[in-house]
Chemist: 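What follows is a structure written as structure tokens; I'll ask about it next.
In listed order, ligands and their atoms are each counted from 1. Any value given below was found using the heavy atoms of this structure, including those in side chains, with hydrogens, waters and symmetry copies removed.
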Amino acid sequence: MMDSFIHFYSTIIFLSVLVLINTQSDPLSTLESTIISHGGQVLRITDPQYKAAATLHNRAIQTWPELILRPATHDDVLLALLTLSSLRIPIRIMGGRHSYGGYCSHQGIVLDSALLKDLKIDWETETITMDAGIIWDDVYRVLNGTEYVIMGGLCPTVGVVGFTLGGGYNAMYSRSYGFASDNVLKFKVALYNGSVVTASSEINPDLYWALRGGGGGNFGYVLQMTQKIHRINETHMPNGQFTFLNITWINVDIKIALNNWLAFLKEVADNDIRISFNVIVAVNGESNFLMMYCSFNGPSIEIDTVFNPWLLKDPKPTFNSMFNYTQNDISRVLAIPFPVVNREHVLSAMAINITEAMLDIILDFQPNSTADVGSWTELIYLHSATKDKNTAYAFPDISFDIAPGVSWRNPDNDPYAIDMSEKFLQKLIDAAAPTKSIVGAYLNYIDPYLPNWQTMYYRHHWDRLREIQTKWDPTWYFRFPQGIPPYNQQSNAYKLPNKNSMVIISSFIMLVWFY
Ligand SMILES: Cc1cc2nc3c(=O)[nH]c(=O)nc-3n(C[C@H](O)[C@H](O)[C@H](O)COP(=O)(O)OP(=O)(O)OC[C@H]3O[C@@H](n4cnc5c(N)ncnc54)[C@H](O)[C@@H]3O)c2cc1C
């Protein structure tokens, strides 16, 4: 009797201790050990993999997170969201790390998709299902040698989800097949509270609408998405090849060359969606440079008839080369090494047309000769891109994304380089004002300094997007400076609990460690 009494009480004491240990165990530590036990990673500044994992494409916006969580399973992403949101610990979602505004990172906890790499192609339905950690390079490699293309970016290291949520144009094919966001059939989305939902035209259509162009980092964490792929069948070439022209003018009267091009667009290309252009204009003192990447998604036998009347005009191109490329070839030819060592500031003006007054401004975009800053303007031709008009992307009517950029190395030049490009954008907008040619800015070229960014990025969609955010993320857990706030939310609801000192200490350790 005495024995069973002692046994009973010792069991009670043992269980109480267990409960005490459990309730006192830090949920963040439990989360970290769960992620690690399922093949994921937890990276702090002292880990050898930390620096490569935290490095952003653009050095000008680099921040170093206190902690990077890399779950290896969807369930662990859900657990991370449930744990962190109930602790009211803010996060950022990290994909391919190409956000020009650096919104995939901050000084707190980052939930990084890098290990979520599942990818499946269904040839029958001509669709591909991709996890959040897939970058375009992963997709181009598996499609290479087939007759299929996908609406991905020219830069192979951009993340598929971040790209698609902002709209996602492919400068070579979007006129034929639409934007990435037009091609998504289904999203699998993790919500702030760790639950998971599907968004498609039939299930949760409001979320589906918002995710197609409403921008990365809002609404929820996209775990996976299914997109259409397209068979290139009009070029009559093997393996999904099409004609790629590289047409370059150096030190000619660049305004005449650009006007000839604009006339060609009006007379021919506007009505022929097989033709696409990505144009780079760089003017520097006495020298100038105009380079056009052009794709022709039709039989090469037609090339001379289509292009010669324009290309034989003066000034004739300095170089004019033609290649048969696959999508994978193009991404290799145009690949921008990642991580780049430069600092960058890239902007966007969504334009219905390019007027003479706008051309004059574009041709005057050059840094002060003593500044060690390079500048260029990219003109992406998107006239009549095959767009689904029922998405959150707000610019089905534009013909060009005019994207000025500057690049420099010395951090001392940050204020000058950023100021010069922001002033350029304002001058361009002013020049376009009488003709109402510029109607906004492209969300994928997100600009932390853009005034009126709500209407510039979203136009008339702003209120609807806020309503959808209110429904799916009512506490505004997925938050960043240019994110979409739900109604009735204070902007400072989430704060890092007592973490500021950690940030200062970790920044100090980082400085000592790196340099
Ligand atoms: C060199 C270069 C070339 C580019 N070329 C093109 C182009 O041809 N066409 C084009 O349209 N754009 C282009 N872009 C812009 C690019 O599409 C955007 O910067 C895009 O947001 C990058 O996505 P990411 O995943 O690589 O970046 P990240 O910085 O990791 O993410 C971008 C945003 O999406 C959010 N996000 C990432 N993953 C998820 C997820 N799983 N769920 C929810 N939110 C998420 C992040 O929090 C962040 O706010 C280019 C950018 C660069 C730097």
Chemist: Check ligand 1 against Arg97 and write out every atom of the ligand that is under 4.0 Å from a heavy-atom position of the residue.
Modeler: 24 (P), 26 (O), 27 (O), 28 (P), 29 (O), 30 (O)
Chemist: How about Tyr457 and Tyr442: are their ring centres within less than 6.0 Å of each other?
Modeler: no
Chemist: Heavy-atom distances under 4.0 Å are what count here, so tell me which part of Phe480 touches ligand 1: side chain, backbone, both or neither.
Modeler: neither
Chemist: Any atoms of ligand 1 less than 4.0 Å from a non-hydrogen atom of Ala132? List them with their elements.
Modeler: 41 (N)
Chemist: Who gets closest to atom 47 (O) of ligand 1 by heavy atom: Val189, Asp112, Ile93?
Modeler: Ile93
Chemist: What's the verdict on ring pair (Phe, Tyr, Trp, His ring centres under 6.0 Å) for Phe400 and His383, showing C-alpha distance, side-chain angles and the deciding distance?
Modeler: CA-CA 7 Å; Phe400 302 93; His383 183 90; 8.1 Å; no
Chemist: Please work out, at 4.0 Å between heavy atoms, whether the side chain, the backbone, both, or neither of Ser99 comes within that distance of ligand 1.
Modeler: both
Chemist: Tyr103 heavy atoms, cut-off 4.0 Å: which ligand 1 atoms fall inside?
Modeler: 47 (O), 49 (O)
Chemist: Tell me whether His57 has any N or O atom under 3.5 angstrom from an N or O of ligand 1.
Modeler: no
Chemist: Any N/O of Val161 closer than 3.5 Å to an N/O of ligand 1?
Modeler: no
Chemist: Pull out every atom of ligand 1 sitting under 4.0 Å from any heavy atom of Gly216, numbered as shown with elements.
Modeler: 34 (O), 35 (C), 44 (N), 49 (O)
Chemist: Counting each atom of ligand 1 from 1 as listed, which ones have a heavy atom of Gly159 under 4.0 Å away?
Modeler: 24 (P), 25 (O), 26 (O)
Chemist: Check if Gly215 has a non-hydrogen atom at a distance under 4.0 Å from any atom of ligand 1.
Modeler: no
Chemist: Taking non-hydrogen atoms only, is Phe478 closer than 4.0 angstrom to ligand 1 via side chain, backbone, both or neither?
Modeler: neither
Chemist: Any carboxylate oxygen within less than 4.0 angstrom of a Lys/Arg side-chain nitrogen, looking at Glu32 and Arg44?
Modeler: yes
Chemist: For Tyr169, is at least one N or O under 3.5 Å away from an N or O on ligand 1?
Modeler: yes
Chemist: May I ask you to check if ligand 1 and Ser113 share an N or O to N or O distance below 3.5 Å?
Modeler: no
Chemist: Which atoms from ligand 1 have a heavy atom of Leu165 less than 4.0 Å away?
Modeler: 43 (C), 44 (N)
Chemist: When you compare ligand 1 with Val222, is there at least one nitrogen or oxygen pair between them that comes in under 3.5 angstrom?
Modeler: yes
Chemist: Could Asp112 and Arg70 be called an ion pair, given the rule that one side-chain N must be under 4.0 Å from one carboxylate O?
Modeler: yes
Chemist: Do the charged groups of Asp182 and Lys387 touch, with an N to O distance under 4.0 Å?
Modeler: yes
Chemist: Got a salt bridge between Asp137 and Arg332, using NZ or NE/NH1/NH2 to carboxylate O under 4.0 Å?
Modeler: yes
Chemist: Check the angle between the aromatic planes of Tyr140 and Trp136 and answer parallel, tilted or perpendicular using the 30° and 60° thresholds.
Modeler: parallel
Chemist: Is it true that Asp397 and Arg459 have a side-chain N and a carboxylate O under 4.0 angstrom from each other?
Modeler: yes
Chemist: Give the numbers and elements of all ligand 1 atoms closer than 4.0 Å to a heavy atom of Leu154.
Modeler: 8 (O)
Chemist: Between Met94 and ligand 1, does any nitrogen or oxygen pair lie at a separation below 3.5 Å?
Modeler: no
Chemist: Which of the listed options, Phe187, Phe163, Phe219, Phe179, holds the heavy atom that is closest to atom 7 (C) of ligand 1?
Modeler: Phe163
Chemist: Which ligand 1 atoms, with their elements, are less than 4.0 angstrom from a heavy-atom of Gly168?
Modeler: 11 (O)
Chemist: Are Phe242 and Phe244 an aromatic pair by the rule of ring centers under 6.0 Å?
Modeler: no
Chemist: Please say whether His98 places an N or O atom under 3.5 Å from an N or O atom belonging to ligand 1.
Modeler: yes
Chemist: Whether the side chain of Ser176 engages the backbone of Ile273 through a donor-acceptor N/O pair (distance < 3.5 Å, no angle test) should be reported.
Modeler: yes
Chemist: Scan Arg97, His98, His57 and name whichever one has a side-chain hydrogen bond (donor to acceptor under 3.5 Å, both in side chains) with Thr157.
Modeler: His98
Chemist: Please report whether the ring centroid of Trp261 lies less than 6.0 Å from that of Phe277.
Modeler: yes
Chemist: Look at Asp118 together with Lys120 and state whether they make a salt bridge at an N to O cut-off of under 4.0 Å.
Modeler: yes
